[in-house]
Amino acid sequence: MAKQVRIGDLNAHLAEPEGGSSGGMLLLPMIDGIGARVRTFAEDIANAGVTTLCWDVFHGASSDTHAHEDLFGMLAQLDDATAIGEQRALLEYMFGELGLRKVGVIGYCLGGRFALLLGAADQRVANVIAYHPTVPSEPAPNHSLDPFAEARRIGAPAMVHYPGQDTLVPRESFERLREGLESRAEADTITHLYPLAEHGFSNNTRHENPVNLVAYERSWPQTLEFIKQTVL
C-alpha cells in the first residue's frame, strides 16, 4: 500500500507491506525527487516486507512535473543542515508514529551522499546504502559537510554501489570513501564496483546502455537481502 503522508510541514511518500513490518527504510531520492522511478524503488522494498518512507527533497517538485534543468536549479539551493534536519524529522516519524524498531537509510546519487551524512549524524540508523553517491573530489558551493570525513563516523553496516564509468565521481573519490568506511573498527563495509556502468545506473532512463541494466539487476537482489538482514 502506498500513499502520500504529511509530517509536520513536510510531505513524504509511504509504501507499506501487507500486514505492516517492524523494520523500515528511509529513501533519499536522486534528482528525480519522488518521481515514478523512486516510487518503484519504494514499492520494491515494501514488497520485500520493509516499510519505506521517501523524503520529498524538492517539496512537491519531481521529474513527474518538472524538467531536470529546473530540479538541478533547486538542488543548487539545497542546504546540508536543512536537509539533514528534514531527514531526521522523518526518522522520528518512523520510530514514533509508525512504531518501527529498526530503520535504515538508502539513497541514490545526491541521496546517496545524504545517506552517508545521515548515517553519521544519527547513530540510530540500522544500515546505510549509497547507490552511485554524488561525492565528487571538489564539493559543490552549497555543501557544508564532507562525506569523506563523515563516513568514518557511521556506526551502522554500510553498502556502496559504485559505477566505474562515473564521470561525476572519479575513481579516487570512491577509493577515498571506501578507505573511510573501512577504517571503522566495528561496522561492516560492503562495496560493489561495476567497472563498465555509468553514474545513475539504477535509473531506468539509463538502461538503454545494457551494462547499466545488468549492473542494476545484479545489485538490487543483494541490496534487498542486505536490507532484510539489517532491519528485520
Side-chain angles (χ1 to χ4, degrees), residues 10 25-33 54-59 71-92 103-194 197-202 219 223 226 230:
L10 302 174
M25 292 296 295
L26 176 59
L27 193 157
L28 310 181
M30 59 278 210
I31 194 67
D32 289 40
C54 302
W55 173 47
D56 185 3
V57 55
F58 299 123
H59 294 206
L71 298 176
F72 276 111
M74 296 177 195
L75 176 60
Q77 304 302 315
L78 193 62
D79 172 79
D80 281 351
T82 300
I84 294 294
E86 291 180 359
Q87 295 157 19
R88 296 189 78 170
L90 298 184
L91 283 179
E92 292 294 342
V103 178
V105 59
I106 181 170
Y108 304 80
C109 301
L110 72 95
R113 174 179 176 272
F114 275 116
L116 298 165
L117 298 179
L118 182 62
D122 199 313
Q123 296 297 314
R124 294 175 298 174
V125 298
N127 65 43
V128 173
I129 304 169
Y131 261 91
H132 32 75
T134 307
V135 288
S137 52
E138 293 297 325
N142 59 317
H143 290 176
S144 58
L145 294 174
D146 179 359
F148 304 105
E150 295 298 309
R152 297 174 180 271
R153 300 176 50 231
I154 296 171
M159 173 180 278
V160 177
H161 298 282
Y162 176 74
Q165 302 304 310
D166 196 326
T167 57
L168 296 180
V169 180
R171 180 69 173 267
E172 53 266 29
S173 291
F174 166 64
E175 298 293 353
R176 186 179 170 196
L177 178 61
R178 179 164 64 182
E179 179 184 2
L181 289 170
E182 291 180 352
S183 73
R184 302 174 303 152
E186 298 180 359
D188 299 336
T189 299
I190 302 170
T191 54
H192 295 274
L193 170 64
Y194 306 90
E198 300 166 323
H199 186 79
F201 70 81
S202 63
S219 72
T223 298
F226 182 67
T230 49

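Keep in mind that the numbers below use all heavy atoms, side chains included, and drop hydrogens, waters and symmetry copies. Nothing fancy with the numbering, it's 1 onward along the sequence.
Side-chain contact check for L110 versus I31: some heavy-atom pair is nearer than 4.5 Å. A 4.5 Å side-chain heavy-atom check between M25 and N127 finds at least one atom pair inside the cut-off. Looking only at side-chain heavy atoms (C-beta outward), S137 and E172 stay at 4.5 Å or farther from each other. L78 has its side chain within reach of F114: a pair of non-hydrogen atoms, C-beta onward, lies under 4.5 Å apart. Side-chain contact between F201 and H161 is present, with heavy atoms from C-beta onward closer than 4.5 Å.
Between the side chain of N142 and the main chain of L75, a donor-acceptor pair closer than 3.5 Å is present. A side-chain donor-acceptor contact under 3.5 Å links Q123 to the backbone of G155. Side-chain N or O atoms of D80 include one that pairs as donor or acceptor with a backbone N or O of L145 at under 3.5 Å.
Y131 and Y108 have parallel rings, their planes meeting at less than 30° on a 0 to 90° scale where 60° marks the start of perpendicular.
When the salt bridge (charged side-chain N to carboxylate O under 4.0 Å, His left out) test is applied to D122, the partners found at least two apart in sequence or on another chain are R88, R124. With sequence neighbours excluded, the residues forming a side-chain contact (heavy atoms from CB on, under 4.5 Å) with E175 are R171, R178, listed by chain and number. Applying the side-chain contact (heavy atoms from CB on, under 4.5 Å) rule to T134 yields the partners C109, P136, H199; only residues at least two apart in sequence or on another chain are considered. For F148, the side-chain contact (heavy atoms from CB on, under 4.5 Å) test picks out V135, D146, S173, R176, L177, with sequence neighbours left out. Take F174 and apply the ring pair (Phe, Tyr, Trp, His ring centres under 6.0 Å) test, not counting sequence neighbours, and it matches Y162. Scored by the side-chain contact (heavy atoms from CB on, under 4.5 Å) test, P139 finds H143 as partners (sequence neighbours excluded).
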Checklist entry - Could you walk me through whether T223 and M159 pass the side-chain contact (heavy atoms from CB on, under 4.5 Å) check? => result CA-CA 8 Å; T223 298; M159 173 180 278; 3.9 Å; yes
Checklist entry - Would T167 and E198 count as a side-chain contact (heavy atoms from CB on, under 4.5 Å) if you check the C-alpha gap in whole Å, the side-chain angles of each, and the deciding distance to 0.1 Å? => result CA-CA 8 Å; T167 57; E198 300 166 323; over 6 Å; no
Item to check | Test log, rule side-chain contact (heavy atoms from CB on, under 4.5 Å), inputs I154 and L116 | outcome: CA-CA 7 Å; I154 296 171; L116 298 165; 4.0 Å; yes
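Pairing each heavy atom of G112 with each of A130, the nearest pair is O-CB, 3.7 Å. The shortest heavy-atom contact between P157 and A187 is N-CB, 4.4 Å.
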